[in-house]
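First up is the structure itself, then whatever we jot down about it.
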Amino acid sequence: MIRSLVLFTHVVGVLALFVGLGLEWIGLDGIQLSTTRAEALPWLRLIAIVPRLFGMALAAIVVSGFYLGARVGVLGNDWMRASYGALLLMAIVSGPLSRSPMRALKRMADVPADGTVALRAAAANPSLRLSLRIRVAFGLAIVFLMIAKPGAGESLLVLVLASIATIATSLTRRPTQSTAVQGYR
């Protein structure tokens with residue numbers, strides 16, 4: 001019974017992590033598509049809850065993951081080591097890489113004037129999008145590693161493919177709202 005509860009906690013933590021990534025992505029898109037400050041503020045409030053969600057999700061994932069790994073005896077396996085590295089990378093890009101641009105975005109919301117252009121520009125910061133792409137790609141890679149449990153070479157290949165996916169999606173450029181609207185005129 002305890003193992004089932006811990007496994008449930010682990011799965012819920014992973015789901016919460018991806019829900020948080022989705023909320024952040026939707027929130028950034030919502031801000032960029034906003035035409036007024038009033039339209040952008042609900043999206044910014046949505047983004048503001050994401051760090052707490054990430055914290056709870058990460059705690060659930062790590063604590064339950066170590067318990068399950070220790071119980072089954074896989075903490076030192078190659079796929080687990082690759083997962084630790086991917087989790088560390090996700091933490092680095094979530095914190096130091098995106099913290100400053102996210103703070104700048106939140107400061108723009110405190111500007112009393114409309115400031116929609118500045119708010120939209122802060123939400124369009126390439127570091128925020130890159131951080132999100134890295135976390136999504138490596139989060140999915142970790143899920144794959146947990147399911148497939150490959151050896152060292154295959155685990156490294158999965159992480160390399162996650163890196164390539166991140167680079168490939170970063171090279172594609174979405175049209176801005178003004179460009180998309182002009183295309184329909």
Side-chain angles (χ1 to χ4, degrees), residues 1-32 43 46-99 101-102 123 125-174:
M1 178 70 170
I2 290 176
R3 183 187 174 282
S4 296
L5 287 173
V6 174
L7 181 58
F8 176 76
T9 302
H10 194 68
V11 170
V12 168
V14 171
L15 292 172
L17 178 76
F18 281 100
V19 165
L21 289 169
L23 290 175
E24 185 176 339
W25 202 302
I26 290 167
L28 289 173
D29 281 350
I31 292 170
Q32 285 185 288
W43 297 112
L46 180 69
I47 291 173
I49 67 169
V50 170
R52 279 180 258 135
L53 181 61
F54 281 155
M56 291 185 295
L58 193 59
I61 292 167
V62 170
V63 170
S64 62
F66 274 117
Y67 173 83
L68 292 168
R71 184 146 189 232
V72 178
V74 296
L75 288 178
N77 287 10
D78 294 332
W79 59 272
M80 284 296 292
R81 289 185 180 145
S83 296
Y84 301 148
L87 270 174
L88 181 63
L89 178 67
M90 288 174 71
I92 290 170
V93 298
S94 181
L97 181 65
S98 64
R99 185 176 296 132
M102 193 58 79
N125 186 313
S127 295
L128 291 175
R129 293 297 177 164
L130 179 61
S131 169
L132 238 129
R133 287 183 180 111
I134 290 170
R135 288 180 282 149
V136 167
F138 281 86
L140 290 172
I142 292 169
V143 170
F144 179 80
L145 292 172
M146 296 293 142
I147 293 169
K149 298 172 181 36
E154 293 91 357
S155 295
L156 185 59
L157 178 63
V158 168
L159 297 181
V160 167
L161 290 174
S163 300
I164 291 170
T166 301
I167 292 167
T169 58
S170 296
L171 294 177
T172 60
R173 186 176 172 112
R174 286 180 34 195

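Only a predicted model underlies this, so the values are computations on that prediction, with no experimental measurement involved. All heavy atoms count here, side chains included; hydrogens, waters and symmetry mates do not.
Across L75 and G65, no two heavy atoms sit closer than the pair CD2-O, 4.5 Å. In terms of heavy-atom proximity, V136 sits nearest to W25 at CG2-CZ3, 4.2 Å. Between S94 and F54 the shortest heavy-atom distance is OG-CD1, 4.5 Å. When all heavy atoms are compared, the tightest approach of A123 to I31 is CB-CG2, 3.5 Å. Of all the heavy atoms in L68 and V6, the pair that sits closest is CG-CG1, 3.7 Å. Considering every non-hydrogen atom in both A57 and G13, the closest pair reads CB-O, 3.4 Å.
Within 6.0 Å of CD1 in I2 there are 12 or fewer heavy atoms belonging to other residues, nucleotides or ligands. A 6.0 Å sphere centred on CZ of F144 holds no more than 12 heavy atoms belonging to other residues, nucleotides or ligands.
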Chi angles and distances behind the side-chain contact (heavy atoms from CB on, under 4.5 Å) call for W43, D29: CA-CA 9 Å; W43 297 112; D29 281 350; over 6 Å; no
Can you list the steps and then say if L130 with T166 is a side-chain contact (heavy atoms from CB on, under 4.5 Å)? CA-CA 8 Å; L130 179 61; T166 301; 4.0 Å; yes
Does the side-chain contact (heavy atoms from CB on, under 4.5 Å) test come out yes or no for V14 and I61, once each step is laid out? CA-CA 6 Å; V14 171; I61 292 167; 4.0 Å; yes
What verdict does the side-chain contact (heavy atoms from CB on, under 4.5 Å) test give for L28 and I47, after you've listed the backbone C-alpha separation in whole Å, the side-chain angles of each residue and the deciding distance to 0.1 Å? CA-CA 8 Å; L28 289 173; I47 291 173; 3.8 Å; yes
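Applying the side chain to side chain donor-acceptor pair (under 3.5 Å) rule to pairs touching residues 80-93 yields nothing, sequence neighbours excluded. Counting only residues at least two apart or in different chains, salt bridge (Lys or Arg N to Asp or Glu O under 4.0 Å) contacts with residues 156-171 are absent. Every pair passing side chain to side chain donor-acceptor pair (under 3.5 Å) that includes a residue from residues 54-77 is listed here, sequence neighbours excluded: H10-S64. Sequence neighbours left out, not one pair with a member in residues 160-171 passes salt bridge (Lys or Arg N to Asp or Glu O under 4.0 Å).
Remark: A141 engages V158, L159, A162 in a side chain to side chain contact (heavy atoms under 4.5 Å, CB included) (not counting sequence neighbours). For S131, the side chain to side chain donor-acceptor pair (under 3.5 Å) criterion is met by R135, not counting sequence neighbours.
Note: M80 CE to L145 CG = 10.0 Å, rounded to the nearest 0.5 Å. In this structure, CD1 in I164 is found 12.0 Å from OG1 in T169, a value given to the nearest 0.5 Å. With rounding to the nearest 0.5 angstrom, the CH2 atom of W79 is 5.0 Å from the CE atom of M146.
Side chain of E154 to backbone of G151: a donor-acceptor contact under 3.5 angstrom is found. A donor-acceptor pair is defined here as one N or O able to donate and one able to accept, closer than 3.5 Å; no such pair exists between the side chain of S98 and the backbone of S127.
With contacts defined as side-chain heavy-atom distances shorter than 4.5 Å, the pair M90/I142 qualifies. Side-chain contact between L87 and F138 is absent, with no heavy-atom pair separated by less than 4.5 Å.
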